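Throughout, a chain's letter reflects where its sequence line sits, starting with A, and its residues are numbered from 1. No hydrogens, no waters, no symmetry mates; every other heavy atom, side chains included, goes into these values. The structure displayed is predicted, hence computed values, not measured ones.
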Amino acid sequence: MFNYLEEQITARLIQLGWSTEQLQFSRPKKIENGDWATNIAMTLARALKRSPLQIAEELMTDIDLDSAIVEKFQIVKPGFINFFQSADYLTAQLKHILHARENYGKNDFGAGKTAQVEFVSANPTGPLTVGHGRQTVLGDTLASILTWSGYAVTREYYFNNAGRQMRLLGESLKSRYLELQGHSVVLPDGGYEGTYLIDVARNLLAEQPDLDQNSAVDIFKDFAEKSIFSIIKTTLKRIGVVHDVFFNERSLYETGKIDEVLDILQKKGLLYKKDGATWFKTTELGVDQDRVLVKSSGEPTYRLPDIAYHREKIVRGFDLVVDVFGADHIDAYPDVLSALKVMGLENEHIKVVIHQFVTLLRSGEVVKMSTRKANFVTLDELIDEVGVDVVRYFYIMRSGSSHLNFDLDLAKRQTEENPVFYLQYAHARISSIFRRARERGLEPDDENADLTLLDEEFTVALINEALEFPEVIDHCRRALEIHHLPGYLFSLATALHKFYTEYKVIDLDNPELSRARLALLKAIQITLRNGLDILGISAPDQM
RNA sequence: GCGCCCGUAGCUCAGCUGGAUAGAGCGCUUGCCUCCGGAGCAAGAGGCCACAGGUUCGAAUCCUGUCGGGCGUACCA
């Protein structure tokens, strides 16, 4: 309907010689204001120097709208033009849902295009924490939205298994290992204190009992990396996340990509040496201070491989690149993007999604988390407590740009009244009605149901709610924000529950109406299930 | 100091590119199960949308400033 109105009104505007630039439609909040509305008469008022009402009148005279789609329109006080959809349109759309089934809500915006979503990207120094969880679910769901928008999506995990932190990890493991052998040792300064390393050390001791004080740190480092990565991957799998590519930073060195970046920047005259380090003249790119790319020790800072990695993303030819970062990366990505730009690379298709941190509350108090200090709560522990469905929903129900208060006690205690169960209950309730209908000999028959019978108030409201699903998907894709989807599903469930309390679906005295309502419920269930599917939350038939 | 995010009901938060009487959940008060699952529905109380200016037909939304809170501002990642 939206597309149709846009076409028709645009044509009429052109006919009158008026600008189409500001044409937009919205769904009015109040049902008495119709199904779609435009404010074009008001936005044109200034340029045309006429009153909005006059403009609306002239615009809408002699316009010929298809009565199969638009039942009527109204011109209202300040200058809105409100459109009311026809009953035929409603039933046609309902049929569309029933036919589209598991594809309902998909669109072809990204058809033939590729997208890459980089998320999690935690280095293998410890198990994923509650903090990582937000990014994990955010990135995965975003990737699903892109898939539903037609893109061929690559989920990617970028990691670094070299450098100071990893060496520290190796040393920490070595201490734990020697400790198990009965030596009294102290953890290295700033080392990893987490008890998970004791388990890792135990495994290493079982596999290689002959290591000692003189064994190379690398042996421990490699074992730690392997073990911890296995822990991380198990957690990811558990929460329903599968990455297509694990990109090792080291490969950028091995293939000479790091040096290539340095060469290019050198030729552009953007590098200089100071105090034995190589500096990047970011001040010339509008940043307040220059940044170090290669430390005086010869080791690069994280910025250099980041630039090289993003250069690779461009070279690999993705049409859309989405980086999901925590707020602590806020300062790094402008440097990366501007570096790409000075290297002559197009970076408009790289979108950075920054999410704010998760504040973990335990007994009403803020828990400060640090992987090194080991006073963190792991994602696994959280899943143990409340389950995958609740965890996933909790992480994406809020906008990524606002801080998320994760109240552990509440999450554990409140499972009974959690919004997740509200959604799942709506789905299960429909399944239950289907079971009941079959018991009574009413076999759902979408094809032959007379959908024109569905004209009561709350029924129409429910159908309209379901019709918004594709718009919500589109909105999520445009904004790269997914919290609209759980919010939408919640109101869809509300409309369903309201419908349920208002009307009886199974009525053996009125099989025609029953069949129509069963078809409607089928469409609602399809919509709910598709939405939950995107969120990675199960849609149970009974609870 | 500078950069980014946030400030909306008692609490946690929605409010899409400016639109019509600012919404939801939780909590509180009160109704609704002889009937398809009450993990539900309905009603009520509760708001100077942090503050002050500006832009315009119209601002919670855009701009400027102020005040609060968070995260950065490393030769850590």
Side-chain angles (χ1 to χ4, degrees), chain A residues 24 26-30 32-33 37 39 42-43 45-46 51-52 76-80 82 121-123 125 160 163-166 168 190 249 274-279 287-289 291-303 305-306 326-332 334 354-357 359 372 397-405 407 410 414-419 421-422 424-426 428-437 439-440 442 471-472 474-476 478-479 481 483-484 486-487 490-491 493-494 496-507 514 517 521 542-543:
Chain A
Q24 50 177 289
S26 60
R27 282 189 178 270
K29 286 181 213 158
K30 299 275 174 185
E32 60 263 32
N33 288 329
N39 59 355
M42 287 180 284
T43 53
R46 168 161 260 218
S51 88
V76 197
K77 32 172 191 177
F80 289 104
N82 297 330
S121 297
N123 286 336
T125 57
N160 168 17
R164 206 177 71 114
Q165 293 302 323
M166 289 303 290
L168 209 49
E249 180 186 314
K274 193 179 91 181
D275 304 331
T278 304
W279 292 71
V287 181
D288 60 339
Q289 53 183 301
R291 309 288 187 181
V292 171
L293 287 187
V294 183
K295 301 182 227 172
S296 51
S297 67
E299 284 185 332
T301 65
Y302 67 95
R303 249 173 254 266
D306 269 7
D328 53 341
H329 282 66
I330 193 80
D331 220 52
I354 299 282
H355 69 271
Q356 298 300 313
F357 279 150
T359 305
R372 255 187 329 97
M397 66 193 292
R398 305 296 183 215
S399 156
S401 61
S402 58
H403 295 263
L404 178 65
N405 280 319
D407 189 325
L410 208 68
Q414 248 197 351
T415 50
E416 289 292 321
E417 48 208 32
N418 201 294
F421 295 112
Y422 183 82
Q424 294 182 321
Y425 179 55
R429 198 172 217 184
I430 294 173
S431 293
S432 169
I433 294 172
F434 289 153
R435 282 193 297 272
R436 211 54 199 269
E439 278 171 27
R440 308 237 177 129
L442 261 177
E471 296 160 28
V472 174
D474 191 53
H475 183 192
C476 289
R478 282 199 321 267
E481 283 271 9
H483 67 280
H484 302 107
F490 194 90
S491 52
T494 300
L496 182 269
H497 289 311
K498 196 172 282 189
F499 166 87
Y500 175 88
T501 40
E502 203 69 28
Y503 313 110
K504 198 157 164 61
V505 177
I506 302 168
D507 179 1
S514 298
R517 285 179 173 165
L521 289 192
Q542 54 189 31
M543 299 172 68

Between protein and nucleic acid, restricted to nucleotides 73-77 of chain B and to nitrogen or oxygen atoms under 3.5 Å apart, what atom pairs and distances do you find?
from	atom 1	to	atom 2	distance (Å)
B:rU73	O2'	A:Gln289	NE2	3.0
B:rC75	O2	A:Ser296	N	2.7
B:rC75	O2	A:Ser296	OG	2.7
B:rC75	N3	A:Ser296	OG	3.3
B:rC75	N4	A:Asp275	O	3.3
B:rC76	OP2	A:Lys295	NZ	2.6
B:rC76	O2'	A:Gln165	NE2	3.0
B:rA77	OP2	A:Tyr302	N	3.4
B:rA77	O3'	A:Asn123	ND2	3.3
B:rA77	O3'	A:Asn160	ND2	3.2
B:rA77	O2'	A:Asn123	ND2	3.0
B:rA77	N6	A:Tyr302	OH	2.8

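- Shown here, B:rC5 is classed anti by the O4'-C1'-N9-C4 or O4'-C1'-N1-C2 angle, which is more than 90° from 0.
- Rounded to whole Å, atom C1' of B:rG19 lies 14 Å from atom NZ of A:Lys30.
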Just the table, please: protein N/O against nucleotides 13-17 of chain B N/O, every pair under 3.5 Å.
from	atom 1	to	atom 2	distance (Å)
B:rC13	OP1	A:His403	O	3.1
B:rC13	OP1	A:Asn405	N	3.4
B:rC13	OP1	A:Asn405	ND2	3.3
B:rC13	O2'	A:Arg398	NH1	2.6
B:rA14	OP1	A:Ser399	N	3.1
B:rA14	OP1	A:Ser402	OG	2.8
B:rA14	O3'	A:His483	NE2	3.3
B:rG15	OP1	A:His483	NE2	2.8
B:rG15	OP1	A:His484	NE2	3.0
B:rC16	O2'	A:His475	NE2	3.0

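- Across B:rG7 and B:rA14, the matching P atoms stand 7 Å from one another, rounded to whole Å.
- The separation between A:Leu496 atom CG and B:rG37 atom C1' is 12 Å, rounded to whole Å.
- Among the nucleotides B:rG40, B:rG37, B:rC36, the one closest to the side chain of A:Gln542 is B:rG37.
- To the nearest angstrom, C1' of B:rA20 lies 10 Å from CD of A:Glu32.
- Exactly one of A:Leu442, A:Ile506, A:Val505 qualifies for a side chain to side chain contact (heavy atoms under 4.5 Å, CB included) with A:Arg436. That residue is A:Ile506.
- One N or O on the side chain of A:Ser514 and one on the backbone of A:Asp507 form a donor-acceptor pair closer than 3.5 Å.
- At the phosphate of B:rG37, OP1 or OP2 sits under 4.0 Å from a side-chain N or O atom of A:Ser432.
- In this structure a side-chain-to-backbone donor-acceptor pair under 3.5 Å is missing from A:Arg398 to A:His403.
- The gap from the P atom of B:rA59 to that of B:rG10 amounts to 24 Å, rounded to the nearest Å.
- A:Phe434 comes within 4.0 angstrom of no nucleic acid atom, judged by non-hydrogen atoms across all strands.
- Nucleic acid contact for A:Tyr422: sugar-phosphate only, since backbone atoms but no base atoms lie under 4.0 Å from a heavy atom of the residue.
- Rounded to a whole angstrom, the distance from the C1' atom of B:rU12 to that of B:rC6 is 14 Å.
- The gap from the C1' atom of B:rC51 to that of B:rG69 amounts to 16 Å, rounded to the nearest Å.
- Atom C1' of B:rG58 sits at a distance of 10 Å from the matching atom of B:rA20, rounded to the whole Å.
- Backbone-only engagement by A:Phe490 is indicated by non-hydrogen atom pairs under 4.0 Å involving sugar-phosphate atoms exclusively.
- With C1' as the reference atom, B:rG23 and B:rC16 are 14 Å apart, rounded to whole Å.
- Contact annotation for A:Ala426: no contact, since no heavy-atom pair falls under 4.0 Å across all strands.
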Problem set entry | Under the 3.5 Å Watson-Crick or G-U criterion, the dot-bracket string of RNA chain B, with | for inter-strand pairs | (((((((..((((.....[...)))).(((((.......))))).....(((((..]....))))))))))))....
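- Nucleic acid contact for A:Pro28: base, since at least one base atom lies under 4.0 Å from a heavy atom of the residue.
- A donor-acceptor pair under 3.5 Å is absent between the side-chain atoms of A:Ser432 and the main chain of A:Ala428, judged by distance alone.
- Closest heavy-atom contact between A:Phe357 and A:Gly326: CE2-CA, 4.5 Å.
- Here the straight-line distance linking atom CD of A:Gln289 with atom CH2 of A:Trp279 works out to 8.0 Å at 0.5 Å rounding.
- To the nearest angstrom, P of B:rG72 lies 12 Å from NE2 of A:His355.
- Atom P of nucleotide B:rA20 and atom CG of A:Asn82 are separated by 12 Å, given to the nearest angstrom.
- Between B:rC57 and A:Arg46, a contact under 4.0 Å exists linking OP1 or OP2 to a side-chain N or O.
- As judged by a 4.0 angstrom heavy-atom cut-off over every strand, A:Lys504 is placed among the base-contacting residues.
- For A:Ile506 and B:rC36, the CD1 to P distance is 9 Å, given to the nearest whole Å.
- Along RNA chain B, the nucleotide closest to A:Phe499 and the one closest to A:Phe357 are compared, and the more 5′ of them pairs with A:Phe499.
- For the side-chain hydrogen bond (donor to acceptor under 3.5 Å, both in side chains) with A:Arg429, the qualifying choice from A:Gln424, A:His497, A:Gln542 is A:His497, the only one to do so.
- As judged by a 4.0 angstrom heavy-atom cut-off over every strand, A:Asp474 is placed among residues making no nucleic acid contact.
- Put simply, OH on A:Tyr500 is 10 Å from P on B:rA39, counting in whole angstrom units.
- Distance noted for atom P between B:rC62 and B:rC26: 30 Å (whole Å).
- Using atom P as the reference point in both B:rA9 and B:rA60, the two lie 15 Å apart (nearest Å).
- For the pair A:Phe80 CZ and B:rC57 P, the computed distance is 15 Å after rounding to whole Å.
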